[in-house]
Each structure stands twice: as structure tokens, then as C-alpha cells.
Amino acid sequence: MNFTKRFFTMNALALLATIGLTLLAVVIFIAAYTRMFGQEVQTKEFQRAFEVRAAISDIQQRAQALSFDQLLDKQYQTDLARQMSALGASAVIVKNREVIYATTNFTKMDIEKSLILSSQPSGPSTLELHGDNYQLARVDYKLPSGEAGVLLLLAPIKMNTAFFWLLGGFTLGFFTLVFLAMNFWVSYRFARGIVSPISRLKDAARAISEGDLSRGIAEEGEGEVRELCRTLELMRIKLKESVYLQEKYDDNRKFLVSSISHDLKTPVTSIKGYIEGIIDGVAKSPEKLAEYLDIARSKAILVNAMIDDLLLYSKLDLNQLPYHFEKSDVVAYFEDCIADYRYEFEKANVAIELINELESQVAVRIDRERLRRVVQNILDNALMVVEKDRGRIAIILRETRTSAIIEIRDNGKGIPEAKLPYIFERFYQADPSRKSGSGLGLAIAKQIVEGHEGKIWATSQEGKGTRIMISLKKL
């Protein structure tokens with residue numbers, strides 16, 4: 001429901017509620033007034049009205065038993081005048097629409113009005129003359145001459161005008177107060193549901209225009225206002241994400257520049273030195289020349305690997321690297337990994353084995369190539385820290401109720417406990433003396449595992465080796 005319909009609906013309901021409450025208050029007021037003053041005022045007035053009505057009815061019945069000529073008797077007229085005076089009423093004797101006798105002077109128009117109204121078959125029993133109400137009774141006579149005679153009896157009806165004035169004032173006052181209160185309530189509801197939220201939205205929009213995206217916008221108000229709050233909050237979140245992404249782009253650009261300038265300086269300087277040695281004739285023998293070229297080649301391979309790692313980490317950190325997930329059997333996948341690396345490990349004279357502790361077949365949803373890069377980075381680190389001839393690396397497969405656990409364990413020299421929390425940070429190397437990598441291997445592994453909605457962590461004991469654990473959701 002839009003603002004206009006809601007506004008008119010609420011005002012209509014407020015008016016109806018005001019009328020209903022006023023009617024209820026009037027009923028309660030009348031009941032209370034009657035209870036408080038009824039014995040002294042209302043009962044007497046009703047009793048007086050009943051007595052007058054009964055007396056008029058009695059006079060009317062007795063007059064019906066008389067002839068018109070008897071009405072003209074002076075004694076009867078004297079008695080009639082006395083009775084009317086005692087009742088505060090009036091009597092008029094009319095012949096052929098001409099007043100013959102009257103206890104109270106009425107105008108000819110009043111008499112005509114009384115005759116006309118009382119002659120109707122269902123004529124009213126009350127009559128209003130000059131602002132006063134009268135109870136009306138009539139007796140008709142047929143004269144031998146064919147003329148018509150009429151006896152009119154009029155008894156004034158006294159209304160309790162003070163009560164009605166009081167009731168009218170109470171009704172008007174109560175209606176006004178309730179109507180004002182209901183309008184105040186409608187205004188308050190609109191202020192709370194529309195005006196106040198819009199005012200806060202204006203402040204939030206001003207803050208956003210000034211670049212402050214930290215203030216959340218609460219969903220408040222009604223209808224379109226709530227929808228506007230929701231839309232602006234979504235806009236704020238998207239703007240904040242956009243700014244955050246831009247800052248991350250800038251951070252990664254600076255990071256790549258500083259990393260390339262810092263971490264690639266040493267191998268590039270080494271390559272330059274060996275090439276200059278060859279040009280200057282330092283390597284005169286074929287054996288020395290081959291040695292220099294081989295070292296320069298290995299340094300160039302290292303530089304190339306470091307650049308690849310930098311670019312891969314940057315793409316992972318910005319979520320720009322797509323994943324191609326597929327259902328894979330854990331055992332079969334790691335058997336393939338072992339087969340791929342077995343020759344390299346045999347060449348290094350380091351044992352590698354797969355230990356399957358799974359109770360049944362377990363499948364996970366993985367990107368096979370990306371996860372292989374994780375395994376490669378961990379195995380490369382392990383291969384560099386284990387001792388040749390007695391080195392041993394094991395991939396152990398276990399499971400929990402919801403996850404598959406992959407443990408890659410080596411028997412190297414281990415990582416000091418103080419350094420263990422930092423090994424997944426970029427460019428961190430537990431052994432600063434080892435300059436054979438980019439320092440991004442485990443940072444890349446962490447990004448890829450988290451891209452699989454998994455977890456990776458490590459435990460280590462100095463002198464006994466390191467254990468890298470990966471947890472992936474089972475299908």
C-alpha cells in the first residue's frame with residue numbers, strides 16, 4: 001500500500017474510532033448522569049409527564065360522553081379551566097373552525113395548525129408551537145345543523161434542556177479531544193514510520209557522498225521507506241566492497257612491485273654476475289663455462305617460478321582465479337599425486353607413501369589442478385627440509401563425520417613453535433637462510449584450500465618434523 005492510500009486509510013480509521021469512542025462515552029455519560037441525578041430530576045419529570053398524560057386522557061374520555069352543547073355550559077367551562085390550570089395545559093372549543101372558548105389565547109394560525117395535524121388518521125400526538133412542544137388530544141362532535149365542533153386539549157411538554165445542553169457540550173468536547181488525539185497518533189505513526197527514517201536516510205546519504213561507508217543503514221519505517229532503506233544499504237555495501245576491492249588492487253600492485261624489486265633482486269644480480277664473468281673471460285675452461293651457465297640457468301628458473309607464484313597469489317587474493325570443481329575420490333586422487341611425484345622423490349632418495357585410514361570410500365568436491373598445486377607446494381617444502389637418504393614423507397587419509405582429513409607429514413627438523421603461526425603468511429620463511437623459494441608456497445596453498453571452503457593448519461615439533469593438515473567437506 002502506497003503512502004497516499006495508507007494516509008487516507010489511517011485517517012479514516014482514526015475518524016471511525018473517534019466516532020465509536022464518542023458514542024460509547026455518550027452512553028456511559030447518560031448512564032452516569034441518570035444514576036447520579038435520576039431520582040431527583042428524571043423520575044419527577046417522567047412522573048409529572050405521566051400524570052399530565054393520564055389527566056388529559058381522562059378529560060378527553062369524559063368529554064366524549066358529553067354533547068357539544070354541554071361543552072358550552074359555563075360551569076363546565078369553569079371546571080375545565082380549573083383542571084387545565086392545575087395541569088398547566090390549555091383547552092380550546094372550536095365550531096366551524098372558529099374559537100368559541102379557550103383557556104389560553106392562541107393565534108388563529110396555531111389553531112389551524114392544531115386542527116390540521118390532529119385531523120390526520122395517524123396524526124402526531126405532539127405539536128410544536130412557537131418553540132414549545134405540546135401533547136395534543138382531540139374530541140370531535142357532529143352538530144344537528146351539520147356543523148363540526150372540536151375540543152382541543154394541549155398540554156405543554158417540558159424538556160430538560162439543561163441536560164441536553166450538557167450532553168451536547170460533553171459530546172462535542174469529547175469528540176474534539178479524541179479526534180485531536182487520534183490525529184496526533186496518526187501524525188506520530190507517520191513521523192516515526194516515514195519522516196524520521198527519511199531524515200536518517202538523508203544523513204546516511206550525506207555520509208556516503210562524503211566517502212564514509214562505515215555507517216550501516218537499518219531497515220526501518222513502513223512500505224516504500226523500508227524498501228528504500230534496504231536498497232540504500234545494498235548500495236552502501238556494494239560501494240564499500242568496490243572501494244575495498246580497489247584498495248586491494250592498489251595494495252596488490254604495490255605488493256607486486258615491492259616484492260619483485262626486493263625478492264628478485266638477489267637472483268637477478270647473481271645471473272648478471274655470472275654472465276658478466278663469462279663475458280669478462282673469468283670462466284676460461286669449458287667446465288667452468290658450463291658451470292656458470294648452469295648456475296645462471298637455475299637462477300633464471302627460480303626467477304620465473306617466483307614471478308609465477310606472485311601472479312598466482314595476486315589472482316587468488318583478488319578472487320580472479322576461477323575454480324572448476326568436480327566430484328573426486330580422495331584415495332584415487334592422492335594415489336595419482338604420489339605417482340606424479342614418486343620419481344622426483346626417488347631421485348632425491350626420499351621415501352614417500354600413502355597411508356589410507358578411511359573406513360569407506362570418500363568423495364570430495366575439488367578443483368583437481370588447483371588442489372594439486374597445494375600438494376606440490378607442501379611436498380616441495382617437505383622435500384627441502386628432510387635429510388637425504390633417511391627422509392620420509394607420508395600422506396595420511398582420515399575422516400570425521402563431515403570431513404575428509406589429509407595429513408602430509410615429514411620427518412624434517414621441524415618449525416619452532418614461535419614461528420608456526422606465521423608460516424601461511426605471504427613471503428614468510430621459517431628458515432631465513434634458505435633462499436630457494438618465493439615464500440608464497442603455503443600462502444598460495446591456504447588461499448586455494450579456503451577457495452574449496454576447507455581449512456588448512458600445521459603442527460610441528462623441532463627435531464621430529466612437521467604435519468600439514470587439510471580438511472575438506474565430504475559429499
Side-chain angles (χ1 to χ4, degrees), residues 26 30 33-34 37-172:
V26 167
I30 293 173
Y33 185 89
T34 303
F37 305 105
Q39 296 298 324
E40 298 178 5
V41 179
Q42 299 296 329
T43 303
K44 291 181 180 179
E45 290 182 358
F46 284 123
Q47 184 178 356
R48 173 66 179 169
F50 179 76
E51 290 175 352
V52 170
R53 182 184 293 272
I56 292 294
S57 179
D58 181 60
I59 294 171
Q60 181 185 19
Q61 290 177 4
R62 284 191 281 110
Q64 288 174 347
L66 300 175
S67 65
F68 188 75
D69 291 335
Q70 289 178 309
L71 298 184
L72 302 178
D73 182 70
K74 295 296 183 180
Q75 183 60 43
Y76 176 79
Q77 291 178 357
T78 301
D79 293 339
L80 181 61
R82 179 176 48 78
Q83 293 175 18
M84 291 295 105
S85 177
L87 296 172
S90 301
V92 180
I93 300 173
V94 180
K95 182 180 180 181
N96 286 337
R97 295 191 177 273
E98 293 293 333
V99 177
I100 297 175
Y101 173 77
T103 60
T104 304
N105 292 327
F106 290 100
T107 65
K108 187 173 183 179
M109 185 176 294
D110 292 340
I111 300 300
E112 284 294 328
K113 183 177 180 181
S114 302
L115 291 172
I116 292 171
L117 291 177
S118 62
S119 64
Q120 297 175 3
S122 57
S125 60
T126 59
L127 174 68
E128 181 182 353
L129 297 174
H130 305 292
D132 294 328
N133 292 312
Y134 291 86
Q135 180 183 331
L136 181 62
R138 171 175 175 158
V139 180
D140 291 297
Y141 297 91
K142 288 286 186 180
L143 302 180
S145 61
E147 296 175 319
V150 177
L151 172 63
L152 290 175
L153 303 174
L154 297 94
I157 303 173
K158 293 183 179 180
M159 305 295 291
N160 188 359
T161 56
F163 168 74
F164 288 106
W165 276 106
L166 181 62
L167 180 62
F170 171 81
T171 303
L172 181 61

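Given the structure is predicted, the values throughout are model-derived calculations rather than measurements. One-based numbering along the sequence shown. The analysis underlying the following values was restricted to heavy atoms, covering all of them including side chains, and did not include hydrogens, waters or symmetry mates.
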Problem set entry | Heavy-atom side-chain contact between Leu71 and Ile100 under 4.5 Å | no
Exercise. Between the side chain of Ser57 and the main-chain N/O of Arg53, is any donor-acceptor distance below 3.5 Å?
Worked result: no
For this session: Verify, without hydrogens or angle tests, whether Thr103 (side chain) and Ala81 (backbone) share a donor-acceptor contact under 3.5 angstrom.
Result: no
For this session: Flag the pair Met84 / Leu153 as yes when at least one side-chain heavy-atom distance between them is below 4.5 Å, and no otherwise.
Result: yes
For this session: Report yes if some heavy atom in the side chain of Thr104 is under 4.5 Å from a heavy atom in the side chain of Leu154; otherwise report no.
Result: no
Exercise. Measuring from Ser145:OG to Lys142:NZ, what's the distance to the nearest 0.5 Å?
Worked result: 11.0 Å
Problem set entry | Test item: Phe106 and Val99 side chains (from C-beta on) under 4.5 Å apart, heavy atoms | no
Exercise. Do Lys95 and Leu143 have side-chain heavy atoms sitting under 4.5 Å apart?
Worked result: yes
Seminar exercise, completed: Residue set satisfying side chain to side chain donor-acceptor pair (under 3.5 Å) with Glu98, at least two apart, ordered chain then number -> none
Exercise. Where is the tightest heavy-atom contact between Gln77 and Leu72, given as atom of each residue plus distance?
Worked result: NE2-CA, 3.4 Å
Exercise. Out of curiosity, Lys108 NZ to Ile111 CD1, how far, rounded to the nearest 0.5 Å?
Worked result: 11.0 Å
Exercise. Does the side chain of Leu151 come within less than 4.5 Å of Tyr141's, by heavy atoms?
Worked result: yes
Exercise. Judged by atom type as modelled, is there a donor-acceptor pair below 3.5 Å linking the side chain of Gln83 to the main-chain atoms of Leu80?
Worked result: no
Exercise. Minimum heavy-atom separation for Ile56 to Ala89, with atom names?
Worked result: CD1-CB, 4.1 Å
Exercise. Does Ala148 offer a backbone N or O that forms a donor-acceptor pair with the side chain of Asn96 under 3.5 Å?
Worked result: yes
Exercise. In chain order, what residues pass the salt bridge (Lys or Arg N to Asp or Glu O under 4.0 Å) check against Asp79, with sequence neighbours excluded?
Worked result: Arg82
Seminar exercise, completed: When every non-hydrogen atom of Phe68 is compared with those of Val150, the smallest separation belongs to CE1-N, 3.9 Å
